[in-house]
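We use all heavy atoms of the structure for the numbers below, so side chains are in, but hydrogens, waters and symmetry mates are not. Order of the sequence lines sets the chain letters (A, B, ...), proteins ahead of strands, with each chain counted from 1.
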Amino acid sequence: VVTLTALVSAYAQLDRVDQAKELFDAMPLRNVVSWNAMLQGYAIEGRAGEARKLFDSMPCRNVVSWTAIVSAYGHAGLVEEAQRAFDLTPERDMACWNAMVATLAEHASVEMTRAIFDAAPEKNVVAWTALIKASATRCCAREAFRTFKLMDLEGIYPDDVALASVLDAAAGAASLAEGRAIHSAVLQSGGGCDSNFVLSTALLNMYSKCGQLETARRIFEDMDWRSDVTWNAMILAYAENGRGEEAIHLFRLMQLEGLDPDEASFVAVLSACSHCGLVHGGQDHLLSLVQDYPSVVNLQHYACVVHMLARAGETARLAG
RNA sequence: ACGCGGAUUACUGG
């Protein structure tokens, strides 16, 4: 049971929910952990209907099951359902409270998020991070910074996740002074920025949005492993800072590294062409996009090209 | 063996 449950959980975490379900159905015996692992698979993908069905058919439940169903509703954007499940949860622990805070952080107002946060009997760095995110994603950077400082005053040490979230606020507001202060906190927080590529990408992005292209580039160079998001952020950094040729160059390098450009990569490179008036480059990349990567095409790509051609006065080509 | 928070997107703005 333990081994098979671990496998179900692994599939669930790798977004192979349907494989997880196959295995789950084939298990001769299941305990509450097995059920929870399966439930979690649906929760991650926000498949609330299936999660609910499974939850209802569970022979027994514990607080982990309840947290998973709250989270499933949360990821699906069903705030009232999440709230109802949360209210029904017996013996709520911190993770359960955090799941509810996170749900409101993503789908409700900062005020509502703060209300549930304040009501929680205990707060750890996860709850604080969710509250920071509520402000950061709604362009309330000042409030995100305030929350971050409050957390520090409470004696809670920011981890990489918290730091990346508050960096996001600094990037959104293009607050270089705050961004640098957080960067110092990153350096103080131990591992430094080499240890975590997500955090490094957040730093890179913050400097780029603050117009500090060279600093962003230095962070990019210093990283020993770069995810696709890292590459996209760097390409976009060149695009947004008016260096279209270099954006295109980096886009090529990314492919030479064996990475497949995704939707965001093309948005970045096409917006570089648009901003810098590189009409031919834009057309070439659009062609490559629809021919070689048709599955990632979206409207944003066409918007880039339409603006680019319109600005170049090539109204005749807009039809194509 | 199971549950909670994190980075890039043409959207805006300056």
Side-chain angles (χ1 to χ4, degrees), chain A residues 1-10 12-13 30-41 43-44 61-72 74-75 86 89 92-103 105-106 117 120 123-134 136-137 139 158-168 171-174 196-206 208-209 211 226-237 239-240 262-271 274-275 296 298-308:
Chain A
V1 177
V2 171
T3 309
L4 289 176
T5 299
L7 271 173
V8 169
S9 174
Q13 318 249 348
R30 309 173 186 112
N31 61 19
V32 66
V33 178
S34 329
W35 284 89
N36 288 343
M38 190 58 238
L39 190 58
Q40 229 271 310
I44 290 174
R61 307 177 182 105
N62 60 17
V63 66
V64 175
S65 328
W66 284 95
T67 304
I69 195 74
V70 168
S71 175
H75 286 135
F86 177 74
T89 303
R92 289 176 286 227
D93 63 7
M94 214 191 291
C96 190
W97 279 93
N98 291 345
M100 196 59 227
V101 174
T103 294
E106 190 167 2
F117 175 88
K123 295 105 176 157
N124 63 6
V125 67
V126 174
W128 281 96
T129 303
L131 185 58
I132 289 168
K133 180 191 162 188
T137 58
C139 305
D159 62 7
D160 290 352
V161 180
L163 290 163
S165 302
V166 72
L167 275 171
D168 204 25
N196 184 326
F197 66 91
V198 173
L199 187 52
S200 296
T201 305
L203 268 173
L204 183 171
N205 181 52
M206 181 278 292
S208 160
K209 293 293 194 288
R226 306 172 184 94
S227 72
D228 50 351
V229 174
T230 311
W231 282 92
N232 293 345
M234 195 65 232
I235 295 167
L236 193 69
E240 287 174 337
D262 64 11
E263 170 192 339
S265 321
F266 276 102
V267 170
V269 75
L270 289 172
S271 99
S274 172
H275 277 136
V296 304
N298 71 26
L299 265 183
Q300 301 177 341
H301 302 130
Y302 287 99
C304 291
V305 176
V306 167
H307 281 174
M308 176 182 78

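- With sequence neighbours excluded, no residue satisfies side chain to side chain donor-acceptor pair (under 3.5 Å) with A:Asp93.
- Taking A:Asp262 as the reference, A:Asn232, A:Ser265 meet the side chain to side chain donor-acceptor pair (under 3.5 Å) condition, with sequence neighbours excluded.
- Among residues two or more places apart in sequence or in another chain, the side chain to side chain donor-acceptor pair (under 3.5 Å) test is passed with A:Ser34 by A:Thr5, A:Asn31.
- Atom pair A:Leu39:CG and B:rC2:P shows a separation of 14 Å (rounding to whole Å applied).
- Evaluation of the side-chain contact (heavy atoms from CB on, under 4.5 Å) rule for A:Ser71 yields A:Ala43, A:His75 as partners, not counting sequence neighbours.
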Contact state string [nucleotides 4-9 of chain B, B base, S sugar-phosphate only, - no protein heavy atom under 4.0 Å]: BBBBBB
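- One interatomic measurement links the two molecules: CZ of A:Arg61 to C1' of B:rC2, which rounds to 16 Å at whole-angstrom precision.
- For A:Ser274, the side-chain contact (heavy atoms from CB on, under 4.5 Å) partners two or more places apart in sequence, or in a different chain, are A:His307, A:Met308, A:Arg311.
- In this structure, A:Leu4 atom CG and B:rA1 atom P are separated by 15 Å, rounded to whole Å.
- Using a 4.0 Å heavy-atom cutoff across all strands shown, A:Ser271 reaches at least one base atom of the nucleic acid.
- Partners of A:Asn298 under the side-chain contact (heavy atoms from CB on, under 4.5 Å) rule, at least two apart in sequence or in another chain, are A:Glu263, A:Gln300, A:His301.
- Of the options A:Ile69, A:Val63, A:Val64, a side-chain contact (heavy atoms from CB on, under 4.5 Å) to A:Thr67 is made by A:Val63 and by none of the others.
- Among residues two or more places apart in sequence or in another chain, the side-chain contact (heavy atoms from CB on, under 4.5 Å) test is passed with A:Ile44 by A:Asp15, A:Gln40.
- Among the atoms of the strands shown, none is found under 4.0 Å from any heavy atom of A:Val8.
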Could you run down the sub-3.5 Å N/O contacts of the protein with nucleotides 12-14 of chain B?
none

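- If you check every strand for non-hydrogen atoms under 4.0 Å, A:Ala303 touches a base.
- At a cut-off of 3.5 angstrom, counting only N and O atoms as typed in the model, there is a donor on one side and an acceptor on the other between the side-chain of A:Ser274 and the base of B:rA10.
- Interface remark: the A:Asn36 side chain does not form any donor-acceptor pair with the B:rA1 base, using a distance-only criterion of under 3.5 Å.
- With hydrogens and angles left out, the side-chain atoms of A:Ser65 and A:Asn62 include a donor and acceptor closer than 3.5 Å.
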